[in-house]
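Down below is the structure, laid out as structure tokens.
The chains referred to below are lettered A, B, ... by the order of the sequence lines, with proteins before strands, and numbering in each begins at 1. Model, not experiment: these values are computed from the prediction.
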Protein chains: 2
Amino acid sequence: MDARLAQKAAAVLKAAAHPIRLQIIEALANEEELCVNKIMERIGCPQAVVSQQLAILRDKNILECRREGTNVFYRIKNKNVIHLLHCVYNHCEP
Amino acid sequence: MDARLAQKAAAVLKAAAHPIRLQIIEALANEEELCVNKIMERIGCPQAVVSQQLAILRDKNILECRREGTNVFYRIKNKNVIHLLHCVYNHCEP
DNA sequence: TCTATATATCTATATATCATTATATTCAGA
DNA sequence: TCTGAATATAATGATATATAGATATATAGA
């Protein structure tokens with residue numbers, strides 16, 4: 001693996017490497033699409049925190065979103081990240 | 001996924017989420033066992049840097065090592081991390 | 001014991017991340 | 001246009017991480 005790919009791969013891992021971001025990704029892996037409200041409910045943490053983490057995942061190109069009225073619906077952009085999720089789980093609880 | 005598992009999974013991702021650490025893991029995925037010297041050669045960066053990153057990977061329980069004379073040989077402890085590696089690659093270059 | 005080699009640790013500085021709180025934006029409906 | 005609901009951003013302080021350079025430790029062999 002050349003340094004450039006390592007850089008890129010590290011960035012993806014880093015984007016996922018946070019408990020709340022992982023839980024968000026998992027929720028969206030199961031549900032296809034969820035608004036911020038629902039994500040908050042699922043994960044049980046304050047709105048600002050969820051929005052911040054969503055912004056990071058959006059910025060890193062892992063999630064995308066669309067607005068519908070006052071709601072903003074998030075979904076996974078690159079489905080490969082779901083495999084990544086399973087890999088970590090298997091690592092942790094084989 | 002409960003918060004506890006998310007915590008654990010995030011810790012693993014975080015440990016891997018660094019270009020040099022990724023390159024170290026990859027080198028060991030191919031070679032089974034390598035001393036610090038060889039790892040330096042492969043990756044092409046200073047000894048102190050490699051040792052620092054090795055210490056982190058050791059601490060996070062991803063690598064283990066044994067000493068043989070003046071050399072210290074490192075190897076991957078939980079092979080599942082290799083799958084993780086492949087997952088990130090596929091994510092980056094599908 | 002002295003030296004060379006291999007590896008590990010320490011220190012300092014810069015930078016990034018985290019959670020919290022407060023505030024801003026966007027939109028729908030009265 | 002005003003209000004409330006949903007979401008986003010900003011500002012803060014605390015903590016963690018990165019990176020580089022200097023130094024320390026461990027071991028083998030003379």
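- Between dA28(D), dT7(C), dA6(D), one nucleotide has an atom nearer to the side chain of Thr70(B) than all others, and that is dA28(D).
- Contact check, Arg58(A) against dT9(D): a side-chain N or O comes under 4.0 Å of OP1 or OP2.
- Place Leu54(B) and Glu68(A) on DNA chain C by their nearest nucleotides, and Leu54(B) ends up nearer the 5' end.
- Remark: dG29(D) base-pairs with dC2(C); criterion is Watson-Crick or G-U wobble with both hydrogen-bond distances under 3.5 Å.
- At the heavy-atom level, Gln53(A) lies under 4.0 Å from the strands shown only through sugar-phosphate atoms.
- Comparing dC27(C), dA16(C), dA8(D) against the side chain of Lys14(A) picks out dA16(C) as the nearest.
- Closest to the Gln52(B) side chain, of the nucleotides dA18(D), dA20(D), dA8(C), is dA20(D).
- A donor-acceptor pair shorter than 3.5 Å cannot be found between the side chains of Arg66(B) and Tyr74(B).
- Counting only distance, with no hydrogens or angles, the side chain of Arg21(B) and the backbone of Ala15(B) share a donor-acceptor pair below 3.5 Å.
- Picking from dA18(D), dA8(D), dT7(C) the nucleotide with the shortest atom distance to the side chain of Val72(A) gives dA8(D).
- For Asp2(A), the side chain to side chain contact (heavy atoms under 4.5 Å, CB included) test picks out Arg4(A), Leu5(A), with sequence neighbours left out.
- As a whole-Å value, the separation of Ile24(A) CD1 from dA8(D) P is 11 Å.
- Taking side-chain N and O atoms only, Arg21(A) has no distance below 4.0 Å to OP1 or OP2 of dT17(C).
- A salt bridge does not link Lys38(A) to Glu32(A): none of the charged nitrogens lies less than 4.0 Å from a carboxylate oxygen.
- When rounded to the nearest whole Å, the span between NZ of Lys38(B) and C1' of dT7(C) equals 16 Å.
- Between Arg42(B) and Glu31(B) there is a salt bridge, since a side-chain N of the basic residue sits under 4.0 Å from a carboxylate O of the acidic one.
- Between Leu13(A) atom CG and dT17(D) atom P the separation is 15 Å, expressed in whole Å.
- The residue among Ser51(A) and Lys60(B) whose nearest nucleotide of DNA chain D lies closer to the 5′ end is Ser51(A).
- Across all strands, Tyr74(A) comes closer than 4.0 Å only to sugar-phosphate atoms, never to a base (heavy-atom distances).
- At the phosphate of dC27(C), neither OP1 nor OP2 sits under 4.0 Å from any side-chain N or O atom of Asn71(A).
- In this entry the distance linking CG of Asp59(A) with P of dT9(D) reads 10 Å, nearest Å.
- Whole-Å rounding puts the Leu57(A) CG to dC18(C) P distance at 11 Å.
- For dA28(C), neither phosphate oxygen OP1 nor OP2 lies less than 4.0 angstrom from any side-chain nitrogen or oxygen of Arg67(A).
- Here Glu33(A) contributes atom CD and Glu64(A) contributes atom CD; the two are 9.0 Å apart, rounded to the nearest 0.5 Å.
- Within the structure, a side-chain polar atom (N or O) of Asn37(A) is placed less than 4.0 Å from OP1 or OP2 of dA6(D).
- At a cut-off of 3.5 angstrom, counting only N and O atoms as typed in the model, there is a donor on one side and an acceptor on the other between the side-chain of Gln47(B) and the base of dA8(C).
- Note on His18(B): every side-chain N or O is 4.0 Å or more away from OP1 and OP2 of dT17(D).
- Look at CG on Leu34(A): it is 15 Å from C1' on dA6(D), rounded to the nearest Å.
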